[in-house]
Amino acid sequence: MSLRSTPPIRAISGAALATVISLSFGACSPVKLSDDTEATDTTDSAATDGISSGGSGSESGGAEGGEAVPTACVELAPRILGVLETNCAKCHGPGSSGQGGIDYILDVQRLIETDKVVPGDPEASRIYARMVSPASPMPPVAEMKRPSDTDIESIGKWIEQCAGVQSCGDQAFIDKDTMLKAISTDLSSSDAISSENRKFIRYFSFVHLHNAGWCDSEIELFRQSLSKTVNSLSQETQIKPPVAIDTQRLIFRVDISDYDWDRDDGEDAPRLSEPSFYFRRNETEIAQELGKTFADKWEMIADQNPYNVEFLGQTAEDIKNDTETKFPIMQGDAFIDAATRSPLYYDILGIPGRSGRLLESDLPCANVNDCLETQLGINIIADIKDELENNKAKVARAGFHESDVSDFNRVIERHLFANANNRAFWISYDFASESGFSNIGVHPLDFDFDGGEIIFNLPNGMQAYMLTDKKGTRLNEGPINIVQDESQKDFLVRNGVSCMGCHSAGMIKVQDDIGHELRQGLTETQFDDLEKDQIRRLYPTRDEFDVHLEEDIRRFNESLTLAGVEVGGAKEPIITSFLSFDENVGLRRSGAEFMLREQVMAKDVGRLSPDLLELTKTGGTVQRQDFTSNYAASACILNLGLTRCCPNKTDQLDPICKF
């Protein structure tokens with residue numbers, strides 16, 4: 001059973017997509033933002049050259065010396081009060097009969113003091129325990145008005161994560177004009193920006209999180225997420241963390257040429273292979289978007305970001321003129337949400353193919369794998385052949401009988417880039433069965449596989465990801481019946497955010513069974529001397545393979561550190577900010593995303609889509625997807641600026657966006 005043919009590099013089947021979950025594989029003068037005074041230079045402040053620990057509580061309104069308010073607590077608190085008022089206050093609220101000695105159901109602090117609420121422990125909290133009690137539930141069975149399952153779940157979540165945690169809800173509001181003045185000041189006065197380079201300067205803002213009541217220490221994770229995201233979408237060789245321009249570190253500057261998002265003379269224009277999922281309305285509109293080209297990748301991202309706004313006014317015009325774009329500013333978490341989802345993720349990185357619409361004319365090669373190999377200078381078949389014949393140590397495999405993510409045996413394989421020994425290319429081989437040539441124990445050299453997934457280092461050491469199916473169609477999401485991402489509400493594996501969340505520390509360690517069993521005399525298959533030699537060459541010892549994994553893990557973590565991202569932190573920044581952004585939106589958060597105070601937003605909700613009317617209720621929230629689909633039109637009505645729904649004037653709403 002000597003080598004009859006090297007495994008062909010085929011497109012990746014849906015059955016193999018489980019791999020995505022566990023493949024072993026410039027100086028600035030910061031300004032203090034305030035809505036009461038104009039932004040001014042504070043040259044005595046320390047310059048920020050990257051992302052590090054959060055600012056002081058006094059600067060940001062954070063919980064001094066305390067713990068950050070967990071994600072969504074600011075929105076969850078009023079919802080909880082609404083549930084208690086609706087379902088419990090009649091008997092236990094102010095002015096009630098105070099049944100059971102409780103007439104303070106709406107006084108959270110007193111509930112904690114009397115152990116009716118035990119922070120961090122819903123089961124020990126009398127309020128929650130009685131709500132879920134089958135024997136004596138509260139409200140009593142006779143009451144027709146009852147909390148829903150979602151209401152009770154929210155109570156439990158609030159007790160577990162939020163009760164008793166100090167809030168940053170009273171920190172000073174920062175208005176749109178103040179934000180724009182800070183950016184204008186940075187553009188005109190920063191020594192790090194030359195007049196010739198202003199056209200490449202762009203900004204990300206987390207001002208809305210501050211205005212929504214989030215603590216500085218909680219926003220810190222978003223800062224790290226932003227840096228990891230932009231550097232994970234870069235084709236340049238150096239890590240470039242975004243630079244904070246204000247002392248509160250809410251606004252960050254980037255140079256798009258640092259990530260190869262700009263466009264050189266003679267270079268092909270960035271091309272949209274498929275519209276973002278946000279804008280999939282019907283086949284006709286999708287067809288109009290296919291193949292759309294842009295001046296640079298920032299413009300492509302802006303076009304596909306549903307939260308993209310062109311600000312108006314003289315300060316905004318000055319910024320737009322200096323940066324030579326209508327969209328120099330993006331909401332940071334909205335950018336992370338849009339840019340880490342495929343197909344936009346693929347298009348920013350230039351990964352070939354068209355998701356779900358692969359046409360022969362679209363690709364100059366047999367399938368997306370071949371195109372990617374050509375693009376990266378990788379030749380998998382030639383590498384394997386050379387390894388078997390000459391033992392060049394360019395390819396290393398690990399095969400194992402059991403996998404955490406697959407029902408059958410699996411093989412992973414590492415290749416080095418031809419002209420870059422500091423970059424690695426990993427591919428997995430996955431199987432729909434373990435019979436015949438799908439049994440790697442019997443066929444470790446000439447197995448017949450059903451698919452896999454690709455991970456490769458970017459020039460700066462970060463990792464990129466690609467999923468395809470067996471036909472060579474590039475996939476945005478893994479089939480739910482094959483693979484799930486338990487961190488997502490709908491369990492969908494989304495490339496690349498799910499991959500980034502799973503591979504938070506780079507490659508994941510595994511141990512080879514195939515070569516190990518041969519060396520230990522444990523294999524039940526009889527191989528001749530040539531086959532044994534070839535197996536030893538392709539399947540190095542466990543220690544040797546571990547060295548490869550350690551090298552790639554070290555490289556990735558060094559890049560993370562340079563980006564200002566904590567290595568081995570309790571929460572992976574990108575998936576955490578992604579999921580946080582997906583939380584339901586309450587009145588204060590919605591107002592903050594339109595740069596409005598909560599009181600102003602409350603007055604204006606009635607002018608917006610009926611989809612958002614829940615915001616008018618005490619503690620009411622709307623699903624993020626509903627808020628997203630109505631954002632562009634709402635921004636027009638609220639006079640925030642120009643969007644897809646009002647590209648020319650805020651009071652001229654496109655018919656397709658009208659409610």
Side-chain angles (χ1 to χ4, degrees), residues 26-49 55 58-61 171-195 197-212 214 216 219 222-223 226 242-256 298 302 307-335 591-598 600-601 635 638-643 650:
C28 65
S29 298
V31 295
K32 177 71 165 69
L33 300 178
S34 167
D35 61 345
D36 298 320
T37 58
E38 291 191 4
T40 57
D41 288 332
T42 54
T43 53
D44 58 334
S45 299
T48 302
D49 188 20
S58 59
E59 286 183 343
S60 66
Q171 54 201 15
F173 186 89
I174 300 169
D175 63 22
K176 179 181 68 175
D177 290 342
T178 301
M179 178 187 74
L180 292 175
K181 287 176 183 176
I183 291 172
S184 179
T185 298
D186 181 66
L187 270 172
S188 61
S189 64
S190 174
D191 294 337
I193 308 173
S194 66
S195 57
N197 212 43
R198 287 177 184 169
K199 63 182 178 180
F200 300 124
I201 301 301
R202 304 290 185 269
Y203 294 88
F204 294 106
S205 171
F206 294 117
V207 168
H208 61 288
L209 295 182
H210 169 93
N211 287 341
W214 289 38
D216 177 86
I219 297 173
F222 284 79
R223 298 179 183 118
L226 176 65
V243 177
I245 69 167
D246 62 296
T247 58
Q248 291 149 290
R249 301 174 64 242
L250 298 173
I251 305 173
F252 288 83
R253 179 206 319 138
V254 297
D255 183 327
I256 61 173
W298 176 272
Y307 289 81
N308 191 36
V309 176
E310 178 186 353
F311 293 109
L312 303 176
Q314 188 56 56
T315 305
E317 291 302 318
D318 292 342
I319 296 170
K320 289 186 286 187
N321 288 335
D322 283 342
T323 56
E324 298 184 19
T325 177
K326 293 180 178 180
F327 312 107
I329 309 161
M330 284 192 201
Q331 183 176 306
D333 51 355
F335 159 78
E593 295 196 21
F594 292 116
M595 300 299 291
L596 297 174
R597 287 177 171 84
E598 184 176 8
V600 177
M601 186 66 191
L638 298 172
N639 204 33
L640 179 62
L642 303 181
T643 71
T650 57

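In what follows, residues are counted from 1 in the order of the sequence shown.
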Between Lys320 and Glu310, is there a salt bridge with N-O shorter than 4.0 Å?
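Lys320 and Glu310: salt-bridged.
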Nearest atoms (heavy-atom pairs only) where [X] meets [Y]:
X	Y	result
Ala244	Arg249	CB-CG, 3.8 Å
Glu317	Phe311	OE2-O, 4.4 Å
Val309	Gly641	CG1-CA, 3.7 Å
Thr643	Ala635	CG2-CB, 3.8 Å
Leu640	Lys176	O-NZ, 3.5 Å

Between [X] and [Y], is any pair of side-chain heavy atoms under 4.5 Å apart?
X	Y	result
Gln248	Ile174	yes
Asp177	Thr315	no
Ile193	Arg253	yes
Leu226	Phe252	yes

Going through the checks in order, is the salt bridge (charged side-chain N to carboxylate O under 4.0 Å, His left out) test met by Lys181 and Asp318?
CA-CA 10 Å; Lys181 287 176 183 176; Asp318 292 342; over 6 Å; no
To the nearest 0.5 Å, how far apart are [atom1] in [X] and [atom2] in [Y]?
X	Y	atom1	atom2	result
Asp175	Asn211	CG	CG	8.5 Å
Met601	Glu593	CE	CD	9.5 Å
Trp298	Ile256	CH2	CD1	8.0 Å
Asn197	Asp322	CG	CG	12.0 Å
Ile183	Asp246	CD1	CG	9.5 Å
Leu642	Leu312	CG	CG	4.5 Å

Would you find a donor on one side and an acceptor on the other, under 3.5 Å apart, between the side chain of Ser190 and the backbone of Leu187?
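Judged by distance alone, no pair lies under 3.5 Å.
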Would you confirm whether His210, through its side chain, and Ala172, through its main-chain N or O, come within 3.5 Å as a donor-acceptor pair?
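Yes.
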Apply side chain to side chain contact (heavy atoms under 4.5 Å, CB included) to Phe222 and Trp214, showing your working.
CA-CA 11 Å; Phe222 284 79; Trp214 289 38; 3.2 Å; yes
Donor-acceptor pairs under 3.5 angstrom involving side-chain atoms of residues 199-208: please list them, not counting sequence neighbours.
residue	atom	partner	partner atom	Å
Arg202	NH1	Lys199	O	2.9
Arg202	NH1	Thr323	O	3.4
Arg202	NH2	Lys199	O	3.2
Tyr203	OH	Asp186	OD2	2.7
Ser205	OG	Val207	N	3.1
His208	NE2	Asp333	OD1	2.8
His208	NE2	Asp333	OD2	3.3

